Amino acid sequence: GQGDLPKTIWEKVKNHPCYSEEAHHHYARMHVAVAPACNVQCNYCNRKYDCANESRPGVVSEKLTPEQAVRKVLAVATSIPQLTVLGIAGPGDPLANPEKTFKTFELVAKAAPDIKLCLSTNGLALPDYVDSIARAKVDHVTITINTIDPEIGAKIYPWIFFNHKRYTGIEAAKILTDRQLQGLQMLTERGILCKVNSVMIPDINDQHLVEVNKAVKSRGAFLHNIMPLISASEHGTVFGLNGQRGPTAQELKALQDACEGETNVMRHCRQCRADAVGLLGEDRSAEFTTEGIMAMD
Ligand code: CLF
Ligand code: SF4
């Protein structure tokens, strides 16, 4: 229920399946995979999963043009009436593909004005796009922040591409962290609801995520979603190949418990694909292929 949330915030979360645990039983989200490029390299990436920016075995997400994406949204909205949210979350970074991302939001807002717009980003380009995000009436933004310590960041991110240049190591991680926190603050100052996703990586950032929780809370994050690293060598991620393990369910819960109280902690994330469709945990993406949508004329 509404609890002690202000009415304006409640209006934004009550039918968003990720922002409200209750809502996820009743409302559906969909992602359109319009964003192939990325400006960061994460050691856990395989470009198949997103928002979670996670790595699990699966089929590569279909890449759509903005025009194909809006047709897909309309087709899904017709067959899934509980659809309330359209997210752009990959398979790369939406803000590294700004033309496609904002064109898609614009077309969807025109064709289906009741659908809420959601965006997930690594945050590197975020300060440059806060105006565009506000103008596009995106209500919800997720930023993946795995650390606020550049020495830890250097173990997670081999490089970033920023201002036409490649940066590596601690220098890269410091730029990324500064941009993520700055972008978060800019968004929350404008009243845009922000969630922070963090991937829990044992022995790398697991102890440190309590600090991240404090840092993002103090900058106005509404929700903190701590997700387990899913790491296995067959997924082809750098961590997977290096034998980096993911946390156990007990380790994850202990960390979530340690953060609860500082900020709302999300515990129902399903680490969605970049082209996920349906209720969380119910993947209907296979019913809505590009071929099928294009054949609907
Ligand atoms: Fe998608 Fe992400 Fe928006 Fe939700 S997913 S862009 S906030 S509409 Fe949700 Fe999926 Fe977890 Fe993401 S369950 S991976 S938190
Ligand atoms: Fe992969 Fe996302 Fe990291 Fe880019 S930001 S490298 S798409 S996990």
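These numbers were taken from a predicted model, which means no experiment stands behind them. Start at 1 and go down the list; that is how both ligands and their atoms are numbered.
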Go through it in stages, so that I can follow the logic: the residues are N197 and T144, the test is side chain to side chain donor-acceptor pair (under 3.5 Å), and I'd like the CA-CA distance, side-chain angles, deciding distance and then a yes or no. CA-CA 4 Å; N197 282 0; T144 300; 4.5 Å; no
Taking E67's backbone N and O only, do any of them form a donor-acceptor pair with R71's side chain (distance below 3.5 Å, no angle check)? no
List every atom of ligand 2 that sits less than 4.0 Å from any heavy atom of Y44, numbering the atoms from 1 in the order shown and giving each element. 8 (S)
Mark up the atoms of ligand 2 that fall under 4.0 Å of a heavy atom belonging to P91, in ascending order. 7 (S)
Number the atoms of ligand 1 from 1 as they appear, then name those within less than 4.0 Å of a heavy atom of H31, with their elements. 1 (Fe), 5 (S), 6 (S), 8 (S)
Just which atoms of ligand 2 are under 4.0 Å from any heavy atom in N122? 5 (S)
Take every heavy atom of M30, measure it against each atom of ligand 1, and state whether any distance is under 4.0 Å. no
Considering only heavy atoms of G92, which atoms of ligand 2 have at least one such atom less than 4.0 Å away? 7 (S)
Please determine if atom 9 (Fe) of ligand 1 has an N/O/S atom from C272 lying under 2.8 Å away. no
K165 NZ/CZ over F161 ring centroid, <6.0 Å and within 45° of normal: no
Quick one: sort the F222 and Y19 rings into parallel, tilted or perpendicular, breaks at 30° and 60°. parallel
Within 4.0 Å of some non-hydrogen atom of C269, the atoms of ligand 1 are 11 (Fe), 13 (S), 14 (S), 15 (S)
Which atoms of ligand 2 sit under 4.0 Å from any heavy atom of V40? 4 (Fe), 6 (S)
Charged N to carboxylate O under 4.0 angstrom, E106 versus K103? yes
All side-chain contact (heavy atoms from CB on, under 4.5 Å) counterparts of D128, not counting sequence neighbours: R179
Under 4.0 Å, heavy atoms only, figure out whether ligand 2 is touched by the backbone of C38, its side chain, both or neither. side chain
Ligand-residue contact atoms, ligand 1 with L280, heavy atoms, under 4.0 Å: 13 (S)
With a 6.0 Å cut-off on the ring centroids, do Y27 and H16 count as close? no
Is there a heavy atom in K195 that sits closer than 4.0 Å to ligand 1? yes
Which ligand 1 atoms does C118 reach within 4.0 Å, using its non-hydrogen atoms? 3 (Fe), 6 (S), 7 (S), 8 (S)
Show which atoms of ligand 1 fall inside a sub-4.0 Å distance from at least one heavy-atom site of M266. 15 (S)
So, are R190 and D131 salt-bridged, with charged N and O less than 4.0 Å apart? yes
In ligand 1, which numbered atoms sit nearer than 4.0 Å to a non-hydrogen atom of R270? 11 (Fe), 13 (S)
With a cut-off of 4.0 Å, which atoms of ligand 2 are near a heavy atom of C45? 1 (Fe), 6 (S), 7 (S), 8 (S)
Tell me whether S285 contacts the main-chain N or O of V277 through its side chain, where contact means a donor paired with an acceptor under 3.5 Å. no
Within 4.0 Å of some non-hydrogen atom of N225, the atoms of ligand 1 are 15 (S)
Heavy-atom gap A96 to ligand 2 smaller than 4.0 Å: no
Can you sort out the partners of D257 under salt bridge (Lys or Arg N to Asp or Glu O under 4.0 Å), two or more places apart, ordered by chain and number? K253, R267
Whether over 12 other heavy atoms sit under 6.0 Å from E189 CD: yes
Short list, please: which atoms of ligand 1 are under 4.0 Å from a heavy atom of T142? 7 (S)
